[in-house]
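Data block below; observations after.
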Amino acid sequence: MRHLLLLAFCFISISSFSQENSKNMLGMSIGMSVPINSFAKASCYDYNSTCAKNGMMLSFDDVYFITKNIGITAVAQFSQNGTDADSLENYITQRVTNLLTNIDNDFLFPDEENYSMNIGTWTHANLMLGMLISIPVKFIYFDFRALAGLSVISSPDKELRLDFLDGNFSSFEKVKNTPSIIYLLGTSVRYKLPSGYFVRFMVDWTYSKTIIEINDQITHSTEVQEINIRSDYDVSANIVYAGVSFAYNF
């Protein structure tokens with residue numbers, strides 16, 4: 001949290017300083033959040049296959065131009081991605097079946113009426129600082145930026161509960177470490193409108209990494225020994241953001 005407050009302070013400081021010197025460009029972007037690589041695999045056959053689906057993105061950015069073509073930029077960004085719930089459910093039930101079969105050879109996974117499962121969404125809240133290079137061609141500007149910062153990541157809380165005759169089993173997955181480091185490389189095409197306004201078409205690539213913790217428990221059982229198994233696995237979040245942006249230069 002202290003890191004996020006520091007980045008927020010830097011963001012506000014850049015904005016205030018920019019407004020005083022009239023070399024400021026404020027923008028707002030909205031668009032799609034597109035997972036790629038292992039973050040978007042359609043079939044969830046291992047831990048790193050998150051089955052994330054396309055989602056939405058909203059971001060605000062501020063650029064202070066040191067020179068005509070070079071600026072310092074700060075970005076506050078939020079995105080959300082759903083998941084392929086059916087594929088995730090199949091994977092989790094298979095993993096739990098393998099775990100419990102190793103404990104009890106006679107274990108059979110119950111039908112849908114005798115277990116409950118909840119699956120949420122991925123969310124990313126990012127604060128980043130970096131540099132921007134702008135190349136003007138008449139009324140069009142080609143902007144290139146590189147940033148780094150912190151990302152507060154929330155993974156889908158994957159919760160499974162089974163009820164036995166004399167006990168119960170639960171499996172729960174959640175993000176273990178947050179915030180995480182995030183990197184962004186992006187480009188946009190900016191078209192100048194009258195009175196200092198711009199319309200931008202932008203594409204950004206981001207990379208962050210987080211650790212997911214699994215907690216498997218058997219409790220209140222007399223036939224099977226109670227267990228509490230904790231394990232971790234890494235998830236690499238590769239996301240491409242694409243959308244339209246409006247900015248004002250003053």
Side-chain angles (χ1 to χ4, degrees), residues 4 7-8 10-12 14-16 18-19 23-37 39-40 50-65 71-84 120-136 139-156 175 178-208 210 237-250:
L4 289 176
L7 279 174
C10 293
F11 184 91
I12 295 171
I14 290 175
S15 176
S16 300
S18 302
Q19 291 175 17
K23 296 181 179 180
N24 192 48
M25 183 173 69
L26 295 173
M28 181 185 74
S29 306
I30 188 169
M32 292 183 62
S33 171
V34 182
I36 59 175
N37 299 336
F39 196 60
T50 59
C51 290
K53 301 172 69 174
N54 292 347
M56 56 79 64
M57 172 274 297
L58 176 67
S59 71
F60 300 90
D61 65 280
D62 183 16
V63 182
Y64 169 66
F65 286 99
I72 300 173
T73 182
V75 175
Q77 185 179 68
F78 173 83
S79 67
Q80 186 175 63
N81 294 87
T83 56
D84 186 336
T121 60
W122 286 93
T123 60
H124 292 75
N126 310 322
L127 283 174
M128 296 168 285
L129 294 172
M131 297 296 296
L132 178 141
I133 297 176
S134 181
I135 302 175
F139 296 106
I140 297 177
Y141 297 78
F142 296 91
D143 296 334
F144 305 90
R145 59 183 183 173
L147 301 95
L150 297 175
S151 177
V152 176
I153 301 173
S154 175
S155 69
V175 169
T178 191
S180 302
I181 301 297
I182 185 171
Y183 304 97
L184 181 149
L185 295 175
T187 183
S188 65
V189 177
R190 205 165 23 111
Y191 180 75
K192 188 175 183 180
L193 300 174
S195 305
Y197 288 95
F198 292 89
V199 60
R200 301 180 295 184
F201 299 95
M202 47 81 68
V203 177
D204 291 329
W205 168 87
T206 64
Y207 173 83
S208 58
T210 190
N238 288 271
I239 301 177
V240 171
Y241 297 117
V244 63
S245 175
F246 298 94
Y248 180 63
N249 188 215
F250 57 95

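Below, all heavy atoms of this structure are taken into account, side chains as well, without hydrogens, waters or symmetry copies.
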* Between S188 and M202, what is the shortest heavy-atom contact and its length? -> CB-CB, 3.7 Å
* Asked: How close do N81 and G55 get, heavy atom to heavy atom, and via which atoms?
  -> ND2-N, 3.3 Å
* Main-chain N/O of M28 paired to S245 side chain as donor or acceptor, under 3.5 Å -> yes
* With side chains defined as the heavy atoms from C-beta onward, is the minimum distance between T210 and S155 less than 4.5 Å? -> no
* To do: Evaluate side chain to side chain contact (heavy atoms under 4.5 Å, CB included) for I72 paired with M131, printing each intermediate quantity in order.
  => CA-CA 5 Å; I72 300 173; M131 297 296 296; 4.1 Å; yes
* Give, for atom CG of L193 and atom CZ of F139, the distance between the pair rounded to the nearest 0.5 Å. => 11.0 Å
* Please answer whether the main-chain N or O of Y64 pairs with a side-chain N or O of N24 as donor and acceptor at a distance below 3.5 Å. => no
* Under a 4.5 Å cut-off applied to non-hydrogen side-chain atoms, are F60 and L26 in contact? -> no
* Report yes or no: does T206 contribute a side-chain atom to a donor-acceptor pair with the main-chain N or O of I239 at less than 3.5 Å? => yes
* Would you name the heavy atoms of S151 and H124 that are closest together and state the gap between them? => OG-CD2, 3.8 Å
* Asked: What's the shortest heavy-atom distance between G186 and D204, and which atoms?
  -> CA-OD1, 3.0 Å
* To do: Would you please classify the geometry between the Y207 ring and the Y183 ring as parallel, tilted or perpendicular, with 30° and 60° separating the classes?
  => parallel
* Any side-chain donor-acceptor pair under 3.5 Å between S79 and Y241? -> yes
* Within the side chain of T83, is there an N or O that forms a donor-acceptor pair under 3.5 Å with the backbone of T121? -> no
* **Check: V63 and R145 side chains under 4.5 Å, non-hydrogen atoms** => no
* Asked: Should N54 and P35 count as side-chain neighbours, where that means a heavy-atom distance under 4.5 Å?
  -> yes
* **Gap separating the CG atom of L58 from the CD atom of Q77, nearest 0.5 angstrom** => 9.0 Å
* To do: Looking only at non-hydrogen atoms, find the nearest pair between F65 and S134 and report the distance.
  => CE2-CB, 4.4 Å
* For Y141, ring-ring contact (aromatic ring centres under 6.0 Å, His included) partners two or more places apart -> F198
* Kindly indicate whether the side chain of T187, heavy atoms from C-beta on, has any atom under 4.5 Å from the side chain of F142. => no
* Sub-4.5 Å side-chain heavy-atom contact between T73 and L147 -> yes
* How close do L129 and A74 get, heavy atom to heavy atom, and via which atoms? -> CD2-CB, 3.4 Å
* Asked: More than 12 foreign heavy atoms under 6.0 Å from CD1 of I133: is that the case here?
  -> no
* Structure fact -> d(L150 CG, L127 CG) to nearest 0.5 Å is 7.5 Å
* Side chains of M57 and I30: closer than 4.5 Å at any heavy-atom pair? -> no
